[in-house]
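This structure is a prediction, so every number in the text was calculated from the model and none was measured.
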Amino acid sequence: MFVVRPVELTDIASLEKLAAVTMPGVHTLPKTHGEIAASVERSIASFAAHVDIPSEESYMFVLEETATGSIAGTAAIHASAGSNGTYFSFRNDVIQQVSRDLNISHSVHALTLCSELTAYSQLSGYYISNREHAGVEAALLSRARLLFAVLAPHRFGDRFFVPLAGITDHRGQSPFWDALGRKFFKMDFLDAERVIGGARNRTLIVELMPHYPVYVPLLPGDAQAAMGQIHPDGELAFGLLTEEGFEADDYIDIFDGGPILQAHKNSLRTFGASMVRRVAEAEPGAASDVMVNYAVAASNEQNFRAITVACPSAEALDSILLPASALAELMVEPGDNVICVRI
């Protein structure tokens with residue numbers, strides 16, 4: 001069984017092992033010891049904080065294999081993107097150009113640096129080991145962040161977005177960056193990512209990136225082809241997010257041109273289909289003709305835990321029958337409330 005829970009200080013060493021693996025398809029995951037420790041400490045403080053409106057909180061989760069206690073993945077959600085600055089992205093624009101003298105009117109695709117995603121809640125840092133063979137635990141890790149948002153809506157905004165890493169080659173170089181960002185930063189893509197730590201809210205972005213529209217037809221063909229495309233490592237996350245209800249919209253990443261998925265919470269499955277049910281313990285050995293797979297989360301902000309479990313359908317009931325092992329992992333007792341959603 002796997003459980004998703006808030007990160008703890010004792011997880012830092014395990015997270016360092018995960019980060020030591022080459023992961024070109026994840027640019028929002030902290031990688032150095034200092035970055036990981038700071039993210040863990042910030043998350044612990046965020047879970048402990050009493051929040052009225054979304055602010056600088058950042059919540060980090062780990063996927064733990066209960067049989068061994070090993071950490072198999074991690075994911076995060078930020079209450080307000082750009083809380084320590086302005087979140088920058090490129091907006092896909094269409095500029096109308098008109099010449100009355102030549103009687104010409106046509107549209108030009110352009111990219112405009114913007115900060116419109118600032119204050120949206122942001123999903124980031126999704127990484128799971130052995131993703132090629134991952135099962136329902138991959139969906140659990142992704143969805144648990146939103147289950148926490150369902151449980152504590154006052155901690156998050158009404159709109160969410162997810163930046164996905166764009167196309168890079170075998171050397172880790174980005175054709176989009178080489179055509180645009182490199183001209184202004186004067187450094188390689190990987191060097192720029194290290195300098196900025198995967199963030200998109202640093203002041204140096206607005207200091208160096210062009211403030212005028214960039215005409216897409218002037219970019220090299222490989223850079224244009226990379227716009228809005230996902231790194232192969234991000235396909236698993238992309239599939240889970242689109243099933244959830246996220247869609248690619250008008251924005252792309254300013255570094256590698258990767259897509260930025262967006263959604264209002266009312267269009268997300270976890271918000272629309274989740275149910276609050278009272279826990280009842282299933283009799284040992286009892287089985288139902290109709291067993292349903294659910295993601296189930298303990299309804300407690302300070303001790304959040306989420307698992308997947310097969311149990312009788314709970315849609316028409318006010319309770320959900322869970323085996324004793326599930327109750328133990330969720331740290332709940334019969335009569336407690338949980339949040340559940342079909343997977």
Output field: ring centroids [X]/[Y] closer than 6.0 Å:
X      : Y      : answer
Tyr59  : Phe156 : yes
Phe161 : Tyr87  : yes
Phe185 : Phe255 : yes

Neighbour count >12 (heavy atoms, 6.0 Å) for atom [atom1], [X]:
X      : atom1 : value
Lys183 : NZ    : yes
Glu247 : CD    : no
Asn266 : CG    : yes
Gln97  : CD    : yes

Donor-acceptor contact present, side-chain [X] to main-chain [Y], <3.5 Å:
X      : Y      : result
Tyr212 : Thr112 : no
Ser115 : Thr118 : no
Ser267 : His264 : yes
Ser46  : Arg42  : yes
Ser319 : Val279 : no
Glu57  : Ala49  : no
Ser129 : Ala72  : yes

Residue pairs, two or more places apart or on separate chains, that pass salt bridge (Lys or Arg N to Asp or Glu O under 4.0 Å) and touch residues 100-129
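Sorted result for residues 100-129: Arg91-Glu116.
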| field | Qualifying salt bridge (Lys or Arg N to Asp or Glu O under 4.0 Å) pairs, either residue in residues 148-176, two or more places apart | value |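 Salt bridge (Lys or Arg N to Asp or Glu O under 4.0 Å) check on residues 148-176 returns Arg155-Glu301, Asp158-Lys265, Asp169-Arg171.
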Restricting to non-hydrogen atoms, name the atom on [X] and the atom on [Y] that form the minimum distance, rounded to 0.1 Å.
X      : Y      : value
Leu151 : Ala298 : CD2-O, 3.9 Å
Ala295 : Leu140 : CB-CD1, 4.2 Å
Asn337 : Ser299 : O-CB, 3.2 Å
Pro259 : Ile230 : CG-CG1, 3.5 Å
Ala179 : Ala223 : CB-CB, 3.5 Å
Ile167 : Pro175 : O-CD, 3.6 Å

Any side-chain donor paired with an acceptor under 3.5 Å for [X] and [Y]?
X      : Y      : value
Asn92  : His109 : yes
Glu244 : Thr270 : yes
Thr86  : Asn201 : no
His78  : Ser124 : yes

Exercise for review: If the plane angle is over 60° it's perpendicular, under 30° parallel, otherwise tilted; pick one for Phe61 and Phe148.
Suggested key: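 Aromatic pair Phe61/Phe148 classed perpendicular.
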Any side-chain heavy atom of [X] sitting closer than 4.5 Å to one from [Y]?
X      : Y      : answer
Thr168 : His231 : yes
Thr66  : Glu329 : yes
Phe238 : Phe246 : no
Glu137 : Ile128 : yes
Tyr126 : Leu240 : yes
Ile339 : Met275 : no
Tyr251 : Cys114 : yes
Val338 : Val276 : no

Would Arg5 and Asp11 satisfy side-chain contact (heavy atoms from CB on, under 4.5 Å), going step by step from the backbone distance to the final call? CA-CA 11 Å; Arg5 59 168 174 79; Asp11 298 320; 2.9 Å; yes
query = Can Leu164 and Ile260 be said to form a side-chain contact (heavy atoms from CB on, under 4.5 Å), step by step?
reply = CA-CA 6 Å; Leu164 295 177; Ile260 296 177; over 6 Å; no
With a 4.0 Å cut-off on N to O distance, would you call [X] and [Y] a salt bridge?
X      : Y      : answer
Arg277 : Asp318 : no
Lys31  : Glu16  : no
Glu193 : Arg200 : yes
Glu243 : Arg269 : no
Asp188 : Arg182 : yes

Indicate, with yes or no, if [Y] and [X] share a hydrophobic cluster defined by side-chain heavy-atom contacts under 4.5 Å among Ile, Leu, Val, Met, Phe, Trp and Tyr.
X      : Y      : answer
Phe88  : Leu117 : no
Leu9   : Leu18  : yes
Ile36  : Leu29  : yes
Leu208 : Ile252 : yes
Leu321 : Leu327 : no

Item to complete: Under the side-chain contact (heavy atoms from CB on, under 4.5 Å) rule, what do Asp253 and Phe90 come out as? Steps first, then yes or no, please.
Response: CA-CA 6 Å; Asp253 186 77; Phe90 276 135; over 6 Å; no
Working to the nearest 0.5 angstrom, can you tell me the gap between Trp177 CH2 and Met187 CE?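 Nearest 0.5 Å value for the CH2-CE distance: 7.0 Å.
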Run the side-chain contact (heavy atoms from CB on, under 4.5 Å) test on Arg342 and Ser313 for me, step by step, so that the C-alpha distance in whole Å, both residues' side-chain angles and the decisive distance to 0.1 Å come before the verdict.
CA-CA 9 Å; Arg342 283 194 185 221; Ser313 174; 3.6 Å; yes
